[in-house]
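Numbering of ligands and ligand atoms starts at 1, following listing order.
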Amino acid sequence: MFKCVISLVILVMSKQNFAKNLIHYKCRGGIYPRSTVERFFVPDDKVCWKTQYDDYKPNCFNAPSLQGKPWADPDIDSPNFKPKWNMVDGKVNRSSHIGTYNIVNQLPQNPIGRTGICGRGVLGRWGPNHAADPVVTRWKRLDGKMVLDPNKKPILQFVAIKRGDSGEWALPGGMVDPGELDTVTAVREFREEALNSLAKTEEETAQWTEKLNTFFSTGEVVYKGYVDDWRNTDNAWLETVAYNFHDETGTIVGSMNLQAGDDAVGVCWVDITPTIKLYASHEEIVQTVNKKQIRIFESEH
Ligand SMILES: *[C@@H]1O[C@H](CO)[C@@H](O)[C@H](O)[C@H]1NC(C)=O
């Protein structure tokens, strides 16, 4: 359907792992998305707030389109806005997976460090913006038989969507709605983006609902924390919980026709290879899932 595998097998670039080093790369340098604001230069050794950087004078950007949006916070200086940082604030979860973040001049401070831009950019929330990402996997099969790689290992496939905005392949995740559990978000987004549940008939939906509910109750957390996302700023950033839903026999979600929906322009099963290139920190998440599933498979065979 789509040339996913080909487009994903792009030369591997040497890349540091933010999760280990706790430093970000994708939200530094260049023009901030959907704006004309250039990020202030932040060298690797000046990311950490504790490191003195006297010349640091970033521009601020607050997307005008956020004004009045029900899913977004008001402006930080709006008189009715009294956020409770580092805790569940009404229906909005303002606590971070990484720990307590600092409030500096009444603004939450990015816990990883400087990004070269202040304000909340295009993000709806000041401070953490919570997302959830489903990693739905199956083993690659041909005519019902498992396909093995040259090392006689099975090949894990996951559901990837092609993003409408950046054109990159990504996990079909999304933002956690106020008061929503992140497991619920992961499943809802998967249905909306990959199964195009919005376009399905009631009858079809009902047939699948039971099977899917059972399948999606098996999710395991594979990552929880900061996302090195290009929209992050000094005062707003993405965090996610990634769940792995694995269809061992390939008979549940593994047998479904995938359809792009919502803001995705393409969706397909993609082989996990050592060289796949994905949106933001989705690569690390997918590789973690791959290691986990191969390990389980080998221990059982
Ligand atoms: C709020 O977020 C934190 C971590 O960011 C999480 O541990 C906690 O379970 C969340 N609480 C609710 C009610 O969703």
Notebook entry, point to check: Quick one: do the Q67 and D75 side chains pair a donor with an acceptor below 3.5 Å?
Noted result: yes
Under 4.0 Å from one or more heavy atoms of S96, ligand 1 contributes atoms 4 (C), 5 (O)
Of all protein heavy atoms, the one nearest atom 5 (O) of ligand 1 is S95 O, 3.1 Å
Worksheet item: Can you find an N or O of E239 that's nearer than 3.5 Å to an N or O of ligand 1?
Response: no
Judged by heavy atoms only, the candidate from V92, V176, N86, N93 nearest atom 14 (O) of ligand 1 is N93
closest protein heavy atom to atom 13 (C) of ligand 1 is V88 CG2, 3.9 Å
Handout entry: Other residues, nucleotides, ligands: >12 heavy atoms within 6.0 Å of K291 NZ
Key = no
Sub-4.0 Å heavy-atom contact, H130 with ligand 1:
yes
Of all protein heavy atoms, the one nearest atom 4 (C) of ligand 1 is H97 ND1, 3.2 Å
_I'd like to know if atom 2 (O) of ligand 1 has any protein heavy atom within a distance of less than 4.0 Å._
yes
inquiry  = Please verify the inter-ring angle class for F81 with W85; under 30° counts as parallel, over 60° as perpendicular, anything in between as tilted.
reply    = perpendicular
Between N80 and S78, do the side chains contain an N or O donor and an N or O acceptor separated by less than 3.5 Å? no
| request: Determine whether the aromatic ring centres of F190 and F216 lie less than 6.0 Å apart. | output: yes
Residues at least two apart in sequence or cross-chain that pass disulfide bond (SG atoms under 2.5 Å apart) with C60, listed by chain then number, are C118
